[in-house]
Number of protein chains: 2
Amino acid sequence: MATISDVARAAGVSPATVSRVFNGGRVTPERVERVRKAASDLGFSPNRVARSLRMQRASVIGLLVPDIENPFFTSLARGVEDAAQRTNLSVVLCNTDDDVEKERRYLDIALAEQMAGVIVAAASRKHTDLSALAARGMPVVAVDRRPRAAAVDAVTVDNQLGGEEATAHLLDGGYERVACITGPAGASTSEDRLAGYRAAMRDAGVSEESTRPYVRYADYRVDGGYAATRELLALPSPPDAVFVTNSLMTVGALQALRESGIEPPDVGVLSFGDVPWASLVRPPLTTVQLPSYDMGASAAALLQERLAGSGKPLQTVVLRTALQPRESTRGPAARD
Amino acid sequence: MATISDVARAAGVSPATVSRVFNGGRVTPERVERVRKAASDLGFSPNRVARSLRMQRASVIGLLVPDIENPFFTSLARGVEDAAQRTNLSVVLCNTDDDVEKERRYLDIALAEQMAGVIVAAASRKHTDLSALAARGMPVVAVDRRPRAAAVDAVTVDNQLGGEEATAHLLDGGYERVACITGPAGASTSEDRLAGYRAAMRDAGVSEESTRPYVRYADYRVDGGYAATRELLALPSPPDAVFVTNSLMTVGALQALRESGIEPPDVGVLSFGDVPWASLVRPPLTTVQLPSYDMGASAAALLQERLAGSGKPLQTVVLRTALQPRESTRGPAARD
DNA sequence: CGCTCCTGATAAATCGATTTCTCAGAGAAG
DNA sequence: CTTCTCTGAGAAATCGATTTATCAGGAGCG
């Protein structure tokens, strides 16, 4: 691999001049030409490791997500990646498994690798500690979930409003005993969506006391949704509708319902977070669509702004969710 | 951030000694103790960039996949990541979008970042050029798709056999005019699965000539599957079953079929590649399951073997697919 | 003509860890 | 007692790019 000195020698100039040609310094046009030619002849591409060491900053950003198998995060990751690509940043994708310890390890790596910045969907509201990064001046953007006290930019959706709309939609559809299966107790998304559910129920005149048995915390995974649904069905007075706060748990919930022989529309199911194959489930599922790709893109844009040295005060971008009813898309084959 | 010299100073030794303590050199126990203490007092963690520069190798491996939104690759990525974690390797995930140019750019980055190695699901059988990596002695493992002539280790599944079994299963089910929607013409997986289809049709006494109209190349995406299915349905004598060679295209195919009012079991649909929600589609879909996670894990293991300096001859690991019939799981609510 | 100022280029320092080279001192062998 | 060997440790070179300090040479001005 050709180094900057090889190019310098071939072009008959000093390494410093070569560096200036590529990083914008004043160099006479004639030399610029010589250097460019020598570089392309030798197939020179600068060693990013050496550059990072000298610059004290790599051209890599870290993206920490709890579960890359969750389509929401995959799509978010694409948003980040596409935006990052535009400024020649690479993205390192890290799975935290919602494990604070694993997350901490990745944050250490981000520091040791001198990454340019980090976008993080925090594993825990309380325990995720971003202070070490802040201390080193590394820009951080929180996405999807807000860590509690950290002073960082953030991109979220209005989870409470979304949860409220979702629940209200079920109530409007004539369902009465609406249950809610939400995510882990620590996460801001779980709590906010649940708060939306509670608000909608209150508005409908249902006391908080009587909703209590219908609320279940699970883990945002298929199995969690399944187990929670089984529990709900075993209640003396089981719910006639369920608001599930993420798409993977919805898969589990539908499986559990199917096993019990109860299915939409006999039971109402509403998923927070889009399911790409929602239209294939019979009858089609109503979902709250999350702008996952845009959240990733916005987060990356925010981070890049900070990297460029923006001194703006911290900002939180809140995107809107969109309720997508699917009753109307019942295909002609839905004869039952 | 504390450097190795800070630690050395605090412990009253030279930086060389500190390095030896952490990387296994001969140091007297008493000094080891002093260094360890100083390091933990200062919260020292070695700067990976500096280390990479000196070692001429980073502790990062690149994973290049065509589409991270495809569940197959997500699961494969987890396999790679879990295996890599065990030897303290980080994984950089790169989306190539099946674009040879984008892929080339990522391969360049892998070189410039001095990554320890690369695992690649090649965008193109012909045009993916791994020679530059090989020339630099960077270990490469091909996964899922075999690049044509490259001398690299590989992990694949027996796509032809899988395609044959899948097609045979449809024929056994009583379907006669079986179509095949396969992936991009360049990719080895497309061609091999198609070859399996052709073999099965031949065995059933159908001439290659007459299968020709029933073969469609698409792009392994939802939309591609949709469009191909529309075309097939518009034929004078439309197929009565279709073998779709990946799960995303299957979603598209099912959508197209639904729109036309034809659905399983009136038409046979068999998906190559598992669909996590297969059991929710009515009636449940038969799929060919791919050991995606294991493929990732095996690829990572192979790579690590090379990194450890194994001089073994090149090997190709071929995993088996598993046909998963789902007819029997029809739930009680399937009354139509 | 002499002096200052400016421009473009180079030499050398720098980033932080690893590793080779060199050396001092302890212990063994003669 | 001298010489040789061996071990542990420090000094310094190294990886490759960026950047600061320095310098040479030409233009402009009095």
Side-chain angles (χ1 to χ4, degrees), chain A residues 1-36 38-39 42-60 88 108-116 136-138, chain B residues 1-36 38-39 42-60 88 108-116 136-138:
Chain A
M1 209 60 172
T3 75
I4 201 173
S5 311
D6 298 333
V7 175
R9 206 172 312 119
V13 301
S14 77
T17 302
V18 178
S19 173
R20 272 187 223 106
V21 167
F22 289 108
N23 302 299
R26 350 205 100 271
V27 183
T28 34
E30 180 257 348
R31 278 168 191 244
V32 170
E33 183 49 34
R34 285 220 310 271
V35 169
R36 287 239 137 82
L42 293 168
F44 167 74
S45 90
N47 181 319
R48 288 168 165 240
V49 178
R51 156 183 274 166
S52 300
L53 177 59
R54 176 63 228 237
M55 308 257 278
Q56 298 286 302
R57 167 185 293 185
S59 46
V60 168
N88 280 322
D108 283 348
I109 292 181
L111 276 176
E113 294 268 15
Q114 303 189 166
M115 293 184 187
R136 279 266 301 223
M138 179 178 292
Chain B
M1 210 60 172
T3 73
I4 201 173
S5 311
D6 298 333
V7 175
R9 206 171 313 118
V13 301
S14 76
T17 301
V18 178
S19 172
R20 281 189 205 106
V21 167
F22 289 109
N23 301 298
R26 344 205 54 80
V27 183
T28 38
E30 180 258 348
R31 280 169 191 245
V32 171
E33 183 49 35
R34 286 218 312 271
V35 169
R36 286 240 137 82
L42 293 168
F44 167 75
S45 89
N47 181 318
R48 287 166 164 241
V49 178
R51 158 182 271 166
S52 299
L53 178 60
R54 177 62 229 236
M55 309 256 279
Q56 299 285 298
R57 167 186 295 186
S59 46
V60 168
N88 280 321
D108 283 349
I109 291 182
L111 276 175
E113 294 268 16
Q114 305 189 164
M115 292 184 187
R136 279 266 301 226
M138 179 178 291

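The chains referred to below are lettered A, B, ... by the order of the sequence lines, with proteins before strands, and numbering in each begins at 1.
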Nucleotide dC15(D), atom C1' - distance to CD1 of Ile4(A) in whole Å: 14 Å
Taking all non-hydrogen atoms of both residues, which atom of Ala38(A) and which atom of Ala10(A) are closest, and how far apart? CB-CB, 4.0 Å
Which nucleotide, dC15(D), dG8(D), dT18(C), lies nearest any side-chain atom of Met55(B)? dT18(C)
At less than 4.0 Å, is any side-chain N or O atom of Arg31(B) found next to OP1 or OP2 of dG10(D)? Yes or no. yes
For Val21(A) against Arg36(A), the heavy-atom pair lying closest together: O-NH2, 3.8 Å
If I take atom CZ in residue Arg34(B) and atom P in nucleotide dG8(D), what distance separates them, rounded to the nearest angstrom? 15 Å
From CZ (Arg51(B)) to CG (Asn23(B)), nearest 0.5 Å: 5.0 Å
Residues of residues 108-116 of chain B with any non-hydrogen atom less than 4.0 angstrom from an atom of DNA chain C: list those, numerically ordered, please. none
Mark up nucleotides 20-25 of chain D, 5' to 3', with B wherever a protein heavy atom is under 4.0 angstrom from a base atom, S wherever such an atom reaches only the sugar-phosphate, and - elsewhere. B-----
Between Thr3(B) (side chain only) and Ser5(B) (backbone N and O only), is there a donor and an acceptor less than 3.5 Å apart? yes
Between Asn23(A) and dT18(D), does any side-chain N or O lie under 4.0 Å from OP1 or OP2? yes
Arg48(A) side chain to Ala112(B) main-chain N or O, any donor-acceptor pair under 3.5 Å? no
Ignoring backbone atoms, establish whether Arg26(A) has a side-chain N or O less than 4.0 Å from OP1 or OP2 of dT7(C). no
Between Leu53(B) (CG) and dT19(C) (P), how many Å, whole number? 12 Å
How is Phe22(A) classified with respect to the nucleic acid when contacts are heavy atoms under 4.0 Å: base, sugar-phosphate, or nothing? nothing
With Phe44(B), the side-chain contact (heavy atoms from CB on, under 4.5 Å) member among Ile4(B), Val35(B), Asp6(B): Ile4(B)
Does Val18(B) reach a base, just sugar-phosphate, or nothing at all? Heavy atoms under 4.0 Å. nothing
Rounded to whole angstroms, how far apart are CZ on Arg57(B) and C1' on dA17(C)? 17 Å
Side-chain heavy atoms of Val13(B) within contact of Val18(B), under 4.5 Å: yes
Taking only side-chain nitrogens and oxygens of Gln56(B), does any of them come within less than 4.0 Å of OP1 or OP2 of dT14(D)? no
Regarding Thr28(B), tell me which of base, sugar-phosphate or nothing describes its non-hydrogen contacts under 4.0 Å with the strands shown. sugar-phosphate
When all nucleic acid strands are considered with a 4.0 Å heavy-atom cut-off, which category describes Ser19(A): base, sugar-phosphate, or nothing? base
So, does Gln56(A) use its side chain to make a donor-acceptor pair with the main chain of Leu53(A) at under 3.5 Å? yes
Using atom CE of Met1(A) as one end and atom C1' of dG16(D) as the other, report the distance to the nearest whole Å. 12 Å
At under 4.0 Å, does any side-chain N or O of Ser52(B) touch on OP1 or OP2 of dC15(D)? no
What's Val13(A) touching, base or sugar-phosphate or nothing? Going by heavy atoms closer than 4.0 Å. sugar-phosphate
